[in-house]
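Here's the structure we're looking at; comments come further down.
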Amino acid sequence: MEDSMIPAERSSLGSGVAGFRAEAPEASATSRVRLDISYDGTDFIGWARQPGLRTVQGVLEESLSKVFREPIQLTVAGRTDAGVHAEGQVAHFDTTATDFDGAKLVHRMARFLPKDVRIKAARIAPPEFDARFSAIRRHYAYRLTTAPYGAEPLQARSVVGCRSNVDLAAMREASQNLLGLHDFAAFCRRREGATTVRELQRYDWECRGELLIAYVSADAFCWSMVRSLVGAVLAVGEGRRTPDWVAGLLRETERSSSVTVAPAHGLSLIAVDYPADPDLAARNRQTREVRTIPVSGCCGD
């Protein structure tokens, strides 16, 4: 990272860096920047910054702070766990820099960052944009292989081996039973003060030869929810459980010890959806509301 010390008077990639200038110290105006990010989570202890540990947030903030020559703090769409990957992660930060050039920043960060994390796009966003609270839904993919020898060596960091004779029809039935607005307490590691009510909008399976992919989408996810959903349905596919057992888990009020959490490295955050710019503020307010399941007139009654 020797080019982090480029003198301020140089132009080309900017008098600050990356094609923009930092405001004078007395200026207080800020711009909000949206980043689209991908990473291989194998060698990270998750997204969230932790002192003395290698995290995605920590690596990105350190590099961005050097480039912008001011402290950069990221807000992220989904805080992935240790070993979980991302192809479509989204984050934002505020900066006092001017003359922002997203394309130059992407090019610059490709040289600053290690090979297992990349900023794929950068652009100015409306001040109301919030990578976390503005999100409408998040999309995950979980990749398995039914090959008898397990994952191909080039896929070993992102594909999990499973039995070759899984019952895909039973897995699809079990997955469909979980769709809708429910309390997913049985599938979540509880966090103090956090709700486990979520709207699961998609859960289906695609088979490409020996590659088996689960697609899971929801307005939000709680801690370990996706991997628990995959683990529960995979138990059905392997004949150890029934689709009705999976549906019955929705009646649980605490995390179920009978649900096996699938390995982290098969999971990847592939996309995050956001509303049109005029609707961002309203979405932020809606997301901050603590949700409960209506007593009547809704899903699963």
How many angstroms lie between atom OG of Ser38 and atom CG of Leu269, to the nearest 0.5 angstrom? 11.0 Å
Stacked cation flag Arg283 on Tyr274, 6.0 angstrom / 45 deg: no
Worked check of side chain to side chain donor-acceptor pair (under 3.5 Å) between Thr96 and Glu70: CA-CA 8 Å; Thr96 59; Glu70 62 181 345; 2.8 Å; yes
May I ask you to test the Val216-Leu200 pair for a side-chain heavy-atom distance under 4.5 Å? yes
Atom CG of Leu234 and atom CG of Asp167: how far apart are they, to the nearest 0.5 Å? 11.5 Å
CA sep, side-chain torsions, deciding dist, call: Met225, Tyr140, side-chain contact (heavy atoms from CB on, under 4.5 Å): CA-CA 11 Å; Met225 177 176 164; Tyr140 282 87; over 6 Å; no
Do Gln50 and Thr55 have side-chain N/O donor and acceptor atoms under 3.5 Å apart? no
Walk me through it: do Arg157 and Asp43 pass the test salt bridge (charged side-chain N to carboxylate O under 4.0 Å, His left out)? CA-CA 10 Å; Arg157 292 161 70 101; Asp43 298 324; 3.3 Å; yes
Ion pair check, Glu62 and Lys66, cut-off under 4.0 Å: yes
Arg132 atom CZ, over 12 foreign heavy atoms within 6.0 Å: no
Separation between CG (Asp219) and CD (Gln201), nearest 0.5 Å, reads 5.5 Å
Residue pairs, two or more places apart or on separate chains, that pass disulfide (SG to SG under 2.5 Å) and touch residues 211-240: Cys188-Cys222
With disulfide (SG to SG under 2.5 Å) as the rule and sequence neighbours excluded, what pairs involving residues 73-128 come up? none
Can you tell if the side chain of Leu212 reaches within under 4.5 Å of the side chain of Leu168, non-hydrogen atoms only? yes
So, Thr80 and Gln89: side-chain donor and acceptor under 3.5 Å apart, yes or no? no
Do Asp130 and Thr75 have side chains that get closer than 4.5 Å, going by heavy atoms? yes
Is Tyr142 close to Trp205 at the side-chain level, that is, under 4.5 Å between some pair of heavy atoms? no
When rounded to the nearest 0.5 angstrom, what distance separates NE2 in His265 from OG in Ser158? 7.5 Å
Do Leu74 and Leu35 come within less than 4.5 Å of each other through their side chains, counting heavy atoms only? yes
Minimum heavy-atom separation for Ser31 and Ala97, please, with both atom names. OG-O, 4.3 Å
Show every disulfide (SG to SG under 2.5 Å) that has at least one partner inside residues 148-179, sequence neighbours left out. none
If I compare all heavy atoms of Arg138 with all of Phe221, which pair ends up nearest, and what's the gap? O-CE1, 3.5 Å
Heavy-atom closest pair (Asp279 atom, Pro275 atom, distance to 0.1 Å) is CB-CB, 3.9 Å
Straight-line distance of Arg189 CZ to Ser224 OG, nearest 0.5 Å: 5.0 Å
Tightest non-hydrogen contact, residues Ile124 and Val33, listed as CD1-CG2, 4.0 Å
Closest non-hydrogen atoms of Leu105 and Ala122, given as atom of the first, atom of the second and distance, are CD2-CB, 3.8 Å
Are Leu53 and Leu113 linked, directly or through intermediate hydrophobic residues, by side-chain heavy-atom contacts shorter than 4.5 Å (ILVMFWY only)? no
Heavy atoms of Asp40 and Phe44 approach each other most closely as O-CD1, 3.3 Å
Inter- and intrachain pairs under disulfide (SG to SG under 2.5 Å), touching residues 78-111, at least two apart: none
Output every pair passing salt bridge (charged side-chain N to carboxylate O under 4.0 Å, His left out) with a member in residues 221-233, not counting sequence neighbours, ordered by first then second residue. Asp81-Arg227
Are Arg241 and Ser258 linked by a side-chain donor-acceptor pair shorter than 3.5 Å? no
Does Val261 share a hydrophobic cluster with Val159, counting links as ILVMFWY side-chain heavy atoms below 4.5 Å and allowing steps through other members? no
Rounded to the nearest 0.5 Å, the CZ atom of Arg34 sits from the CG atom of Asp36 at a distance of 4.5 Å
If you count every heavy atom of other residues, nucleotides or ligands that lies below 6.0 Å from Arg202 atom CZ, does the total exceed 12? yes
Among residues at least two apart in sequence or on other chains, which ones pass side chain to side chain contact (heavy atoms under 4.5 Å, CB included) with Ala48? Gln57, Arg79
Please say yes or no: joined through hydrophobic side-chain contacts below 4.5 Å, possibly via intermediate residues, are Val259 and Trp223 part of one cluster? no
Do His85 and Glu87 have side-chain heavy atoms sitting under 4.5 Å apart? no
